[in-house]
Trainee: 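Handing you this structure, nothing more for now.
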Amino acid sequence: MTPPPRKRGGSTPDPTVRDRVLTAFVEQVGEHGLINVSIDDVAKAAGVSRVTLYRRWPDRHALIIDGFNLLSTIAPEIPDDWTARQAFDAVFARVEEPARRRQLRQLLAELVAAAGYDEDARRSLHARQQRWREHVRAIVERGIATGELPADRDVDRAVEVLVGVATHLHLVEAMEANRFVDLAWSLLSEERAY
């Protein structure tokens, strides 16, 4: 009887590495700003080697994409019995603490800049925008069906306007979240908004 083949290539990867690295990265961005965070800083804070970090994230953009995706959640599933306004509030309300907003804004700005030349950054932003569009479209369609929104509302235009404004506000943080939500709902629900 022959013994089973031996595994080659070293030890089993530590399943906690991803979470530790991303948590350390986000914390480093919050403390020092994205421009001042190095791969060495992240590896040291996470308690991993640079080699381990580079095996999973071959470059800075890969780490930024995963860090951004960790911080940016779109919205919870919307229960069927919610009004369109309740669903809208759930999707658009941003109640994160100021440090988290600052981290998100820095990572999003870097991704937007990198999307011009980095295919992974472009795909990540596109996928996120698509998820936003799907959520907003469902809300607008629900609002039209229930009479909360004008029946002649142009769904495609509403989706593009709201997603564009939300993205812009994430980058510049021009208004408080609650004020933006109220303003955006007013724009969406007015008879002749656009």
Side-chain angles (χ1 to χ4, degrees), residues 9-10 12-78 90-92 94 96 99-140 154-174 177 180 184:
T12 305
D14 182 346
T16 68
V17 167
R18 183 177 190 281
D19 291 340
R20 289 189 349 238
V21 168
L22 291 177
T23 299
F25 175 63
V26 166
E27 288 172 356
Q28 292 286 315
V29 170
E31 289 175 26
H32 307 292
L34 180 60
I35 199 164
N36 298 315
V37 174
S38 72
I39 295 298
D40 287 335
D41 296 334
V42 174
K44 184 177 178 182
V48 301
S49 70
R50 283 177 51 131
V51 172
T52 297
L53 199 143
Y54 276 117
R55 268 191 209 127
R56 295 177 187 230
W57 296 275
D59 58 34
R60 184 174 168 89
H61 289 132
L63 191 56
I64 289 170
I65 290 167
D66 280 356
F68 179 75
N69 289 333
L70 175 73
L71 283 175
S72 68
T73 55
I74 300 296
E77 286 301 312
I78 307 297
V91 170
F92 281 92
R94 288 291 181 233
E96 299 104 359
R100 183 173 169 150
R101 284 177 173 258
R102 194 169 38 256
Q103 292 161 330
L104 271 169
R105 193 169 58 244
Q106 289 179 45
L107 295 174
L108 180 57
E110 179 71 20
L111 282 177
V112 168
Y117 57 87
D118 183 276
E119 186 61 33
D120 289 337
R122 187 173 23 261
R123 273 196 301 269
S124 178
L125 284 174
H126 179 73
R128 185 172 194 283
Q129 291 292 78
Q130 283 304 109
R131 289 191 309 270
W132 265 98
R133 283 182 181 92
E134 290 165 11
H135 280 288
V136 174
R137 177 173 298 284
I139 291 166
V140 172
D154 183 329
V155 176
D156 292 329
R157 185 180 287 178
V159 168
E160 292 308 313
V161 167
L162 293 172
V163 170
V165 170
T167 301
H168 175 74
L169 292 177
H170 273 306
L171 286 169
V172 298
E173 196 174 15
F180 165 68

Trainee: Using 0.5 Å steps for rounding, measure from the CG atom of Leu63 to the CG atom of Leu22.
Mentor: 6.5 Å
Trainee: If we only count heavy atoms from C-beta on, is the Asp19 to Leu70 side-chain gap below 4.5 Å?
Mentor: no
Trainee: From Arg133 CZ over to Leu162 CG, what is the distance, rounded to the nearest 0.5 angstrom?
Mentor: 11.5 Å
Trainee: Can you measure from CD (Glu110) to CG (Leu34) and round to the nearest 0.5 angstrom?
Mentor: 5.5 Å
Trainee: Would you say Gln28 and Asn36 make side-chain contact, with heavy atoms under 4.5 Å?
Mentor: no
Trainee: Looking only at non-hydrogen atoms, find the nearest pair between Asp154 and Asp156 and report the distance.
Mentor: OD1-N, 3.2 Å
Trainee: Does anything in residues 15-63 pair up under ring-ring contact (aromatic ring centres under 6.0 Å, His included), and if so which pairs, sequence neighbours excluded?
Mentor: His61-Tyr117
Trainee: Could you measure the distance from the CZ atom of Arg128 to the CG atom of Leu111? Nearest 0.5 Å is fine.
Mentor: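 That separation rounds to 9.5 Å.
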Trainee: Does this structure show an ion pair linking Arg56 with Asp66, if we count only N-O contacts that are shorter than 4.0 Å?
Mentor: no
Trainee: Using 0.5 Å steps for rounding, measure from the CD atom of Gln129 to the CD atom of Glu160.
Mentor: 8.5 Å
Trainee: Please answer whether the main-chain N or O of Ser38 pairs with a side-chain N or O of Asp41 as donor and acceptor at a distance below 3.5 Å.
Mentor: yes
Trainee: Can you tell if the side chain of Thr23 reaches within under 4.5 Å of the side chain of Glu27, non-hydrogen atoms only?
Mentor: yes
Trainee: I need the minimum non-hydrogen distance between Val140 and Ala158, along with the two atoms involved.
Mentor: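 The pair with the smallest heavy-atom distance is CG2-CB, 4.2 Å.
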